[in-house]
Amino acid sequence: MREAINIIWRLSVAAELILAARLLLQGLGGVYPSLLTGGCVFALRSSLLILSVHHSYSRSTMGDAWKLTEPLVWLAWSWIVLELFSKWTGSYRGIGRFGRFLFGALVSIALLVSLILFPFEWKALFFAHDFRIYYILTRVLMATLALFTFMVWLFFRNYPAAVAPNVVRHTHITATYFAVNALSYLALTLNGPKVVAEVNLAIVAVSAGCFSAWAILLTRKGEERESMPAIQPEDMARIERVNRELLGLMKNFPS
């Protein structure tokens, strides 16, 4: 299984680079700057880690490289999700403000729950001392992003918005990526070392698959206004009403 993981890991790097190239060639780099930046950052980071694994570098060198770059990964994924959310909200300022507030609240709640469970999880983990901290923070972020993306999809499924087909595809792929990652981390937390290989395989496989899907499905045609679905007047009235109500609600919170 180790060889399969290494092969798929390399394929995921190739998919990340292809995505970045495709976005630039189709003129979509400015439309999805977070995804473009993320593809480049993830590819560079994985390449460094692969080199450290397969050359005569010590395990501590790879660990230091992983810890140094992991916060960049957190920032990149958070940017990607918040940018995707902004594509859905568009001119709905009330929904946009509420969504950003909700994102912060979800992160805070997830950190609080993790803090409560920290003693139990700390004992269950088998990593070295500082790696456990990074693992817990990564797991919290993946679960939060998975939940937030799912809530965005669910909300706009019930309250349709006029968005480009690319945004819908982007949402589906993003939700899949975070769902698989969140479930993989949960499996590792619950089962420990015996599922490490399977979890690593799932993580590199979903990365290769999702970046390939982004590269293929995000097209210039998918951004054209003519390709946007027509929204029924009653649906438009519903979402505008929700936007007004949330805008009024958010006036009670600091900007």
Side-chain angles (χ1 to χ4, degrees), residues 11-49 68-104 106-107 137-138 141-142 144-153 155-156 161-181 203 206-228 255:
L11 290 175
S12 71
V13 173
E16 289 157 2
L17 292 173
I18 291 171
L19 169 63
R22 287 265 298 167
L23 289 175
L24 289 173
L25 290 172
Q26 295 187 96
L28 297 178
V31 180
Y32 301 100
S34 63
L35 199 55
L36 172 63
T37 303
C40 295
V41 169
F42 303 148
L44 178 59
R45 187 222 195 188
S46 291
S47 298
L48 290 173
L49 294 179
L68 184 65
T69 55
E70 187 68 2
L72 294 176
V73 173
W74 300 338
L75 291 173
W77 280 124
S78 299
W79 183 18
I80 287 170
V81 169
L82 290 174
E83 181 182 84
L84 175 60
F85 176 69
S86 72
K87 299 291 184 187
W88 279 103
T89 56
S91 58
Y92 299 117
R93 196 159 60 94
I95 298 173
R97 282 194 62 192
F98 179 76
R100 289 188 290 273
F101 176 82
L102 177 63
F103 181 78
L106 287 175
V107 172
L137 291 175
T138 300
L141 183 66
M142 289 293 126
T144 301
L145 294 178
L147 179 59
F148 183 75
T149 307
F150 174 76
M151 292 174 71
V152 170
W153 171 80
F155 178 86
F156 285 104
V163 296
N166 277 348
V167 175
V168 179
R169 298 164 191 162
H170 189 358
T171 304
H172 293 162
I173 299 167
T174 303
T176 300
Y177 179 89
F178 288 121
V180 173
N181 271 273
I203 289 173
V206 76
S207 181
C210 286
F211 276 94
S212 296
W214 273 311
I216 295 169
L217 297 177
L218 298 186
T219 63
R220 168 49 62 184
K221 186 177 180 180
E223 285 298 317
E224 294 175 357
R225 186 171 296 276
E226 294 78 12
S227 63
M228 295 183 185
S255 300

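Numbering starts at 1 and runs along the sequence shown. All values below come from the heavy atoms of this structure, side chains included, with hydrogens, waters and symmetry mates left out.
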Original post:
Does the pair Lys87 and Val31 meet the rule for a side-chain contact (heavy atoms from CB on, under 4.5 Å), with working shown?
Top reply: CA-CA 10 Å; Lys87 299 291 184 187; Val31 180; 3.7 Å; yes

Give, for atom [atom1] of [X] and atom [atom2] of [Y], the distance between the pair rounded to the nearest 0.5 Å.
X: Leu44; Y: Leu17; atom1: CG; atom2: CG; result: 9.0 Å
X: Phe178; Y: Leu145; atom1: CZ; atom2: CG; result: 4.5 Å
X: Leu147; Y: Met142; atom1: CG; atom2: CE; result: 13.5 Å
X: Thr149; Y: Trp77; atom1: OG1; atom2: CH2; result: 10.0 Å
X: Cys210; Y: Asn181; atom1: SG; atom2: CG; result: 8.5 Å
X: Ile95; Y: Ser86; atom1: CD1; atom2: OG; result: 13.0 Å

Minimum heavy-atom distance between [X] and [Y], given as atom pair plus value:
X: Ala215; Y: Ile18; result: CB-CG2, 4.1 Å
X: Gly38; Y: Ala76; result: CA-CB, 4.4 Å
X: Ala15; Y: Ser212; result: CB-OG, 3.6 Å
X: Ala20; Y: Leu36; result: O-CD1, 3.5 Å
X: Ser46; Y: Val13; result: CB-CG2, 3.4 Å
X: Arg169; Y: Gly222; result: NH1-CA, 4.1 Å

**OP:** Answer yes if the ring centres of Trp214 and Phe211 are under 6.0 angstrom apart, and no otherwise.
**Re:** yes

Original post:
So, Phe148 versus Phe85, ring centres under 6.0 angstrom or not?
Top reply: yes

Subject >> Pair Phe155-Trp88, ring pair (Phe, Tyr, Trp, His ring centres under 6.0 Å): steps then yes or no >> reply: CA-CA 10 Å; Phe155 178 86; Trp88 279 103; 9.4 Å; no

**OP:** Please test Leu19 against Phe42 for side-chain contact (heavy atoms from CB on, under 4.5 Å), starting from the C-alpha separation and ending with a verdict.
**Re:** CA-CA 11 Å; Leu19 169 63; Phe42 303 148; over 6 Å; no

Heavy-atom check, side chain of [X] versus side chain of [Y], under 4.5 Å:
X: Thr219; Y: Arg22; answer: yes
X: Val152; Y: Leu84; answer: no
X: Leu28; Y: Asn166; answer: yes

**OP:** State which residues pass salt bridge (Lys or Arg N to Asp or Glu O under 4.0 Å) with Arg45; sequence neighbours excluded, sorted by chain then number.
**Re:** Glu70

Original post:
How far apart are the C-alpha atoms of Leu102 and Met151, what are their side-chain angles, what is the distance that settles it, and do they pass the side-chain contact (heavy atoms from CB on, under 4.5 Å) test?
Top reply: CA-CA 10 Å; Leu102 177 63; Met151 292 174 71; 3.6 Å; yes

Original post:
Given Phe156 and Val163, is the side-chain contact (heavy atoms from CB on, under 4.5 Å) satisfied, shown in steps?
Top reply: CA-CA 10 Å; Phe156 285 104; Val163 296; over 6 Å; no

**OP:** Measure the acute angle between the ring planes of Tyr32 and His170, then classify it against the limits of 30° and 60° as parallel, tilted or perpendicular.
**Re:** perpendicular

Original post:
Is a side-chain donor or acceptor of Glu16 paired with a backbone partner of Ser207 at a separation under 3.5 angstrom?
Top reply: no

**OP:** Without swapping roles, check the side chain of Thr37 against the backbone of Ser34 for a donor-acceptor pair under 3.5 Å.
**Re:** no

**OP:** Could you pull out all residues at least two apart from Ser78 that satisfy side-chain hydrogen bond (donor to acceptor under 3.5 Å, both in side chains)?
**Re:** none

